[in-house]
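All figures in this text were calculated on a predicted structure; none of them were measured in a lab. Residue indices begin at 1 and follow the sequence shown.
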Amino acid sequence: MISQFFVLSQRGDNIVFRDYRGDVQKGSAEIFFRKVKFWKEDGKEEAPPVFNLDGVNYFHVKVVGLLFVATTRINLSPSLALELLQRIARVIKDYLGLLSEESLRKNFVLVYELLDEVIDFGFVQTTSTEVLKSYVFNEPIVVDAARLPPLGPAALFMQGNKRMPGTAVTKSVVAHEPGGRKREEIFVDIIEKISVTFSSSGYVLTSEIDGTIQMKSYLTGNPEIRLALNDDLYIGRSGVSSYGFGGSSGTGPVILDDCNFHESVHMDNFDVDKTLSLVPPDGEFPVMNYRITQEFKPPFSINALIEEAGSLKAEVILKIRAEFPSSITANTILVEMPLPTCTTRVNFDLEPGIVGQSADFKESQKRLEWSLKKIVGGSEHTLRAKLNFSQELHGNITKEAGPVSMTFTIPMYNPSRLQVKYLQIAKKTKSSNPYRWVRYVTQANSYVARI
């Protein structure tokens with residue numbers, strides 16, 4: 001049972017606010033933002049998604065820079081509340097096409113109408129875009145996606161050799177194109193978030209992939225769709241012989257440790273030909289979520305070295321190598337490394353001729369940050385940093401520094417080798433041949449190297 005729901009901007013401005021029960025003070029949005037912005041409890045600088053303050057439970061998620069928040073005085077399941085916030089954000093995005101502060105402000109009447117249908121007196125009624133279309137009739141005011149900052153190569157969808165920018169999916173599922181026509185399109189994302197831990201000598205200690213097949217449909221008439229995956233795909237390790245299993249070499253079967261499917265998915269022929277059939281609902285939805293723990297080749301190798309260079313000095317050498325093909329480019333790479341608490345100054349030695357890289361020392365957090373705009377597959381990059389200390393460490397430098405963490409995005413690449421072989425749409429006519437767009441994206445969930 002939800003008492004309040006509100007959406008805040010990064011500055012703390014109240015964009016949307018709905019009080020359902022009146023049992024929480026009106027200034028809760030300001031109280032929440034002040035608490036989150038200046039969070040210093042438990043030795044952490046970032047507020048957890050759930051916390052209690054003066055008898056009020058606050059739940060929040062961050063979506064494209066906006067804070068979606070719910071409050072309640074009862075002991076509500078955190079998982080339920082956080083899932084509800086994510087679904088509300090998804091429904092609003094389905095209707096507005098683009099989720100941003102500007103689109104929310106321009107469509108506040110539509111957003112409040114949606115909230116009144118999703119939640120009634122604090123109780124959830126539905127979060128289905130398809131169901132809501134029967135009750136919500138306001139047309140969205142479309143915000144021009146061309147005014148958004150460029151998203152880089154990760155925003156590209158592929159159809160053979162054709163390319164379409166990711167802003168193509170910023171259309172509303174209820175609005176029509178100019179002239180009253182609706183372009184028949186379907187978009188599929190294979191998004192994989194990888195977690196890898198390296199030892200100090202560079203060996204992989206743990207590795208895991210959390211993936212999802214995300215779909216957004218702009219097809220009229222709700223036709224049936226057949227989605228074909230790898231022939232050598234298996235769910236669970238039972239019945240799969242380890243003979244010939246390629247592991248990190250990039251060959252062998254694709255084994256999913258566990259997975260779950262959207263309620264609209266039918267698996268009648270999955271065991272035979274690895275196809276999924278479904279009638280896609282309106283809006284964006286996950287067709288399939290999966291987890292893989294079989295060995296795979298990490299996209300980057302990280303080598304970190306720190307050694308003393310005098311009584312109050314030390315030198316750090318960070319080296320990263322892209323282990324994927326040269327035809328693929330990673331972007332928005334950020335490497336972070338905690339430094340000893342007595343570090344006072346850091347001097348960086350960057351590689352010459354590399355465009356779009358920078359290094360910084362966050363003195364308040366005692367952290368080194370190295371960012372690169374892009375890295376081409378097969379390339380290697382090195383950062384050298386000279387540290388100055390206020391006191392001697394007496395040989396404990398490796399204990400106080402590290403581990404090294406890394407975040408990145410790699411478009412058109414997935415380490416699991418899960419592939420969409422084809423996307424078949426039933427009942428298509430000669431006059432209407434829908435466009436099918438597929439995009440692969442790999443992101444770092446937890447990419448850590450010990451020192």
Can you measure from CG (L227) to NZ (K274) and round to the nearest 0.5 angstrom? 13.5 Å
Do any pairs count as a side chain to side chain donor-acceptor pair (under 3.5 Å) and have a residue in residues 57-70, sequence neighbours left out, and if so which ones? N52-N57
With F408 as partner, the option from Y413, F324, W370, Y447 fulfilling ring pair (Phe, Tyr, Trp, His ring centres under 6.0 Å) is Y447
Rounded at 0.5 Å granularity, tell me how far CD1 in I333 sits from NZ in K373. 11.0 Å
Can you confirm if the NZ or CZ of R18 lies within 45° of the ring axis of F6 and under 6.0 Å from the centre of its six-membered ring? no
Which residues share a salt bridge (charged side-chain N to carboxylate O under 4.0 Å, His left out) with R73, sequence neighbours left out: none
Does T126 have any side-chain contact (heavy atoms from CB on, under 4.5 Å) partners at least two apart in sequence or in another chain, and if so, which? S128, V131, L132
Let me have the donor-acceptor pairs involving side chains of residues 79-89, under 3.5 Å, with sequence neighbours excluded, atom names and distances please.
from	atom 1	to	atom 2	distance (Å)
E83	OE2	R87	NE	2.9
R87	NH1	T127	OG1	3.4

Just do the salt bridge (Lys or Arg N to Asp or Glu O under 4.0 Å) check on E284 and R90 with the steps written out, would you? CA-CA 7 Å; E284 192 172 356; R90 188 180 300 163; 6.0 Å; no
Whether K35 engages the ring of W39 as a cation-pi pair (distance to the six-membered ring centre under 6.0 angstrom, angle to the ring normal within 45°) should be assessed. yes
Ion pair present between R291 and D257, side-chain N to carboxylate O less than 4.0 angstrom? no
Can you name the salt bridge (charged side-chain N to carboxylate O under 4.0 Å, His left out) partners of K362, sequence neighbours left out? D360
Tell me, please, which residues at least two apart from E113 pass salt bridge (charged side-chain N to carboxylate O under 4.0 Å, His left out). none
Is any side-chain heavy atom of L276 closer than 4.5 Å to a side-chain heavy atom of M267? yes
Please evaluate residues I213 and Y290 with respect to the criterion side chain to side chain contact (heavy atoms under 4.5 Å, CB included), reporting the C-alpha separation (whole Å), side-chain torsions for both, the decisive distance (0.1 Å), and the verdict. CA-CA 9 Å; I213 300 178; Y290 57 92; 4.3 Å; yes
